Amino acid sequence: MSVQPSTDRPDVSRATSDGFVRGLSQFIGGPLGSHAVPPEKRPGRFWTVPRIVLAMTCLVLALSWVQKSPCMDGNWQKNFQYTRYCYTDVLALYYAEGINEGKVPYVDHPVEYPVVTGYFMGALGLPVHSYGESHPDINQGTWFYNANALVLSLFAIATVAVILALRRRRPWDAAIFALSPIVLFTATVNWDFLAIGLAAIGLYVWVKRKPVWAGIFFGLGAAAKLWPVFILGPILVLALRTGRLRPWISSFLATAITWAAVNFPVFYWHHESWLRFFRLNSERPIDWGTFWYIGRYLDGKWNTGAGGDQGPFQWLSNNIPTLNNLSYALFGVACLAILLLGLLAPRRPRLSQLAFLVVAAFLLFSKVWSQQYVLWLLPLIVLARPKWGAIIAWTIAEVGYLAAFYAELIGAGGKTVIPEGTFVLASTARFVTVAVLCGLVIREIWRPELDVVRQSYDGVDPDAGPLDGPDVGWVSGLRRAFGVGRSKEAPVEAPSDPPPGAVAAPGGVVKG
């Protein structure tokens, strides 16, 4: 009887399966041989691949702290925070939100972020202010930033740990995240790792077949930043294909109840403060580097922008409600397209592939695309398509955009650094590389034989969790109705983490 290997088995052929890694391995002595003993199997060896990756993460986060250190004292004169690339909202908003004066978020001052982020700011900031009152010799802003940097770094490490746990056969994939310059430059620009860490934990417990707990973490993440709630959409696609709606309903209800529970105190007792986040996002104009910003710049090449001589993007810039509706409509159309893709694909797409597409579509059509939002995409692309080449090209574009963005901020102060066209070019490169990543993910959904994660996991989705069964019958009929041929029914998939001592027999049946 043939026996399938355990999902805990590392992929020792990693250096030969990825073109970039294969080329790099030649530089340091060649890829691992097919008969070599992997480091994880050597008794007494401390530096296993997961520990190496976690150490890399800690090193990059430490370097990120060093990179931000010139700005920690808050003495930002003559655009110092931009010329040193060390700007961070964390320090700036300690003063802007009145926490340095002991103001309680939402109670004494309307915070511009969702409530979990506001709670987080107050939980770290108010003790710092209280301590600073009795110790006037300390720099409160520095202490506040360092406390936030420490906790946010723990969330970043937790995110890498989740990636390692979800890809036990491919542990080196997590190095794409751990070594990313994106983490180096943007880890503590804002509080995004709070939502990213919560969403990552939600994915982990989803894979562990605990949809209610997954919903709780998705709800907490959505109450810190909006985007974790988008993961429920891809889960719904998988539920429709397998005909198992109960896990999705459980996760959806848990998400909604959790989000409502943590929002209720501020919503009920400080309603105007609670509305601040929603009103700000509704009223915000076209932001730096977005699709709409690029279009407005191009309009300016042919139109003066005066009344009666405006291009469509210039007109939208002056009609924010219409811009909001159009942005939401385009995102909605993109989500419908992803739904169709998920239902018509020859094999059920992997959860991380669909999640990446949804979050990327949101950013591509949003009127706001802050520099740190790139962190939202990084763990998702590592799980969706862990190929170094395209991710490196995207990373270069993101770092180039960051440099151009800071040059624009300096220019906004009256000192021109780069032409406006250079910034638009950098913005376009960011937009195009994210769109290309979307195209590559779509290609691998449509042609699952190209998916390296499926190859490592014997054709199954290691992230499916409770939705790991075959397609329901109507999926084949839907594909025929759209003229894309018959769907090949997937075999019953074994759980991604069988119990200790269990052996997966042919056909995916687990025997302990």
Side-chain angles (χ1 to χ4, degrees), residues 199 218 222 225-241 245 248 252 255 278 281-287 289-299 311-346 348-370 373-374 376-377 380-381 384-385 394 427-428 430-447 474-475 478-479 481-484 487:
F218 292 153
K225 296 276 183 176
L226 175 65
W227 72 268
V229 76
F230 296 155
I231 298 174
L232 292 174
I235 292 176
L236 176 59
V237 175
L238 303 186
L240 291 173
R241 283 199 65 147
L245 287 175
W248 178 83
F252 175 83
T255 300
F278 300 97
N281 280 278
S282 176
E283 297 167 355
R284 288 182 71 166
I286 292 175
D287 201 16
T290 61
F291 166 73
W292 312 100
Y293 187 98
I294 297 169
R296 186 176 63 185
Y297 172 81
L298 296 176
D299 276 352
F313 292 92
Q314 290 174 327
W315 184 86
L316 287 169
S317 180
N318 296 323
N319 294 270
I320 300 303
T322 304
L323 171 63
N324 292 338
N325 293 333
L326 181 57
S327 175
Y328 300 149
L330 289 173
F331 176 55
V333 170
C335 288
L336 288 175
I338 293 169
L339 171 63
L340 281 176
L341 173 69
L343 295 178
L344 298 176
R348 188 181 67 248
R350 291 190 293 107
L351 174 57
S352 55
Q353 292 174 318
L354 296 176
F356 172 80
L357 292 177
V358 172
V359 176
F362 176 76
L363 292 178
L364 290 172
F365 295 118
S366 177
K367 66 175 182 178
V368 178
W369 193 344
S370 298
Y373 290 1
V374 61
W376 303 358
L377 296 175
L380 293 176
I381 192 60
R385 191 179 186 273
W394 166 59
S427 303
T428 303
R430 176 178 70 162
F431 185 94
V432 169
T433 51
V434 172
V436 168
L437 286 178
C438 291
L440 292 172
V441 171
I442 291 170
R443 178 171 177 258
E444 293 185 359
I445 290 175
W446 204 252
R447 297 184 59 190
W474 63 265
V475 172
L478 181 68
R479 297 187 78 244
F482 276 83
V484 291
S487 173

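Keep in mind that the numbers below use all heavy atoms, side chains included, and drop hydrogens, waters and symmetry copies. What you are looking at is a predicted structure, and each value in this text was computed from that prediction instead of being measured.
At least one donor-acceptor pair closer than 3.5 Å links the side chain of R479 to the backbone N or O of V484. At distances below 3.5 Å, not a single donor-acceptor pair connects side-chain atoms of R385 with backbone N or O atoms of E444. A donor-acceptor pair under 3.5 Å is formed between the side chain of W292 and the backbone N or O of F365. Side-chain atoms of K367 come within 3.5 Å of backbone N or O of N281 as a donor-acceptor pair. At distances below 3.5 Å, not a single donor-acceptor pair connects side-chain atoms of R348 with backbone N or O atoms of L238. For R241 (side chain) and G342 (main-chain N/O), a donor-acceptor pair under 3.5 Å exists by modelled atom type. For W248 (side chain) and L232 (main-chain N/O), a donor-acceptor pair under 3.5 Å exists by modelled atom type.
Across all non-hydrogen atoms, the minimal contact from N324 to S282 is ND2-O, 2.8 Å. The nearest pair of heavy atoms linking A361 to A334 is CB-CB, 3.8 Å. When all heavy atoms of A199 and F218 are compared, the pair lying nearest together is O-CE2, 3.6 Å. Minimum interatomic distance between D299 and G311 (heavy atoms only, all atoms of both residues): OD2-C, 3.2 Å. Contact between P285 and I320 at its shortest, heavy atoms only, is CA-CD1, 3.7 Å. Taking both residues in full, the closest heavy atoms of G289 and I294 are given as O-CD1, 4.5 Å, listed atom of the first, atom of the second, then distance.
Between W446 and L344, the closest side-chain pair of non-hydrogen atoms falls below 4.5 Å. Using a 4.5 Å heavy-atom threshold, the side chains of T428 and Y297 count as separate.
Note that CZ of F230 is 7.5 Å distant from SG of C335, once rounded to the nearest 0.5 Å. Here the CG atom belonging to L351 is positioned 9.0 Å from the CG atom belonging to L380, to the nearest 0.5 angstrom. C438 contributes atom SG, which lies 8.0 Å from atom CG of L377 (distance to the nearest 0.5 angstrom). Interatomic distance, I286 CD1 to F313 CZ, rounded to the nearest 0.5 Å: 8.0 Å. The distance from atom CG of L363 to atom OG1 of T290, rounded to the nearest 0.5 Å, is 11.0 Å. Taken to the nearest 0.5 Å, the CG atom of L343 stands 9.0 Å off from the CZ atom of F482.
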Using side-chain contact (heavy atoms from CB on, under 4.5 Å), reason through V434 and W369 one step at a time and then give a plain yes or no.
CA-CA 12 Å; V434 172; W369 193 344; 4.1 Å; yes

side-chain contact (heavy atoms from CB on, under 4.5 Å) evaluation trace for V441 with I381
CA-CA 9 Å; V441 171; I381 192 60; 4.0 Å; yes

Mind running side-chain contact (heavy atoms from CB on, under 4.5 Å) on W394 and V436 for me, showing each step along the way?
CA-CA 9 Å; W394 166 59; V436 168; over 6 Å; no

Test log, rule side-chain contact (heavy atoms from CB on, under 4.5 Å), inputs I445 and L341
CA-CA 8 Å; I445 290 175; L341 173 69; 3.9 Å; yes

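Counting non-hydrogen atoms of other residues, nucleotides and ligands closer than 6.0 Å to CZ of F252 gives a total of 12 or fewer.
Aromatic ring pairs are classed by plane angle as parallel below 30°, tilted from 30° to 60° and perpendicular above 60°; the pair F362 and F331 is perpendicular.
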